[in-house]
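To keep things clear, I will list the structure first and then write my remarks on it.
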Amino acid sequence: EALRLAPRLSAADALSLREHAARDGLAARHAGVDVLALARAVVRLAAEGLNRIAPDEVHYLDVLRRRVIEEGVSPADILLRNWEGSWHGSIDRAVEHLRAA
């Protein structure tokens, strides 16, 4: 199923898509590929597969399902939003946010 989802791109388009995704995150689009739509499909596929082999562990994907599928944002989108917003570019706030408990 993952192979079916994978876009068939030329080497140049694959490189360009990677650059767009690095810059624009889930909002990236290139060569007919909508990165958010693809990410949503991959998260759904991951949840279905994990449900088959380890149903007690599906809850580990809840954050991804909520963020990517429902809200259409990635953890990087949230970090950037905070960096440019309420943190006012404070590296200390970013480090605190990213610190493992």
Side-chain angles (χ1 to χ4, degrees):
E1 185 64 17
L3 289 175
R4 187 187 66 73
L5 293 175
R8 287 166 177 67
L9 301 172
S10 68
D13 279 337
L15 180 60
S16 187
L17 178 61
R18 185 173 68 180
E19 291 168 357
H20 284 292
R23 183 182 57 245
D24 302 326
L26 294 177
R29 292 173 183 257
H30 181 73
V33 178
D34 176 336
V35 173
L36 177 56
L38 183 58
R40 284 176 167 153
V42 169
V43 171
R44 284 186 187 106
L45 181 62
E48 291 167 7
L50 191 55
N51 191 48
R52 281 194 301 276
I53 62 170
D56 293 340
E57 296 180 12
V58 173
H59 67 91
Y60 291 117
L61 296 176
D62 287 348
V63 171
L64 276 178
R65 286 193 285 195
R66 185 176 65 252
R67 299 281 192 209
V68 174
I69 293 176
E70 295 172 18
E71 299 172 17
V73 296
S74 70
D77 293 323
I78 295 165
L79 185 67
L80 285 172
R81 203 178 292 156
N82 288 330
W83 175 264
E84 294 167 351
S86 64
W87 297 348
H88 306 290
S90 168
I91 193 66
D92 292 332
R93 296 287 304 269
V95 168
E96 185 62 30
H97 175 79
L98 296 170
R99 184 169 298 173

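Residue pairs meeting the ring-ring contact (aromatic ring centres under 6.0 Å, His included) criterion with at least one partner in residues 31-55, sequence neighbours excluded, do not occur; the list is empty. Sorted by first and then second residue, the pairs that involve residues 4-46 and meet ring-ring contact (aromatic ring centres under 6.0 Å, His included), not counting sequence neighbours, are H20-H30. Applying the ring-ring contact (aromatic ring centres under 6.0 Å, His included) test to every pair with at least one member in residues 54-77, sequence neighbours left out, gives no pairs at all. For residues 3-14, every residue pair satisfying the salt bridge (charged side-chain N to carboxylate O under 4.0 Å, His left out) rule, not counting sequence neighbours, is listed here: E1-R4. The salt bridge (charged side-chain N to carboxylate O under 4.0 Å, His left out) contacts involving residues 52-67 comprise D62-R65, R67-E71, where partners must be two or more places apart or lie in separate chains. Within the structure, salt bridge (charged side-chain N to carboxylate O under 4.0 Å, His left out) pairs that include any residue of residues 77-93 do not occur (at least two apart or interchain).
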Extract all donor-acceptor atom pairs below 3.5 Å that involve side chains of residues 39-46 and protein atoms in other chains or at least two apart in sequence.
from	atom 1	to	atom 2	distance (Å)
R40	NE	V68	O	3.2
R40	NE	I69	O	3.1
R40	NH2	I69	O	3.4

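Between L64 atom CG and E70 atom CD the span is 11.5 Å, to the nearest 0.5 Å. A distance of 11.0 Å separates CG of N82 from OG of S90, quoted to the nearest 0.5 Å. The distance from the CZ atom of R18 to the OG atom of S16 is 10.5 Å, given to the nearest 0.5 Å.
Under a hydrophobic clustering in which Ile, Leu, Val, Met, Phe, Trp and Tyr are joined whenever their side-chain heavy atoms come within less than 4.5 Å, directly or via other members, L61 and V63 fall into different clusters. Connection of L5 to L9 is established within a shared hydrophobic cluster, with ILVMFWY side chains joined at heavy-atom distances below 4.5 Å, either directly or through further cluster members.
Partners of W83 according to the ring-ring contact (aromatic ring centres under 6.0 Å, His included) rule, which considers only residues two or more places apart in sequence or in another chain, do not exist here. Taking P75 as the reference, nothing meets the side chain to side chain contact (heavy atoms under 4.5 Å, CB included) condition, with sequence neighbours excluded. With sequence neighbours left out, the salt bridge (charged side-chain N to carboxylate O under 4.0 Å, His left out) criterion links R29 to D34.
Scanning all heavy atoms of the two residues, the minimum distance from L38 to P7 falls at CD2-CD, 4.0 Å.
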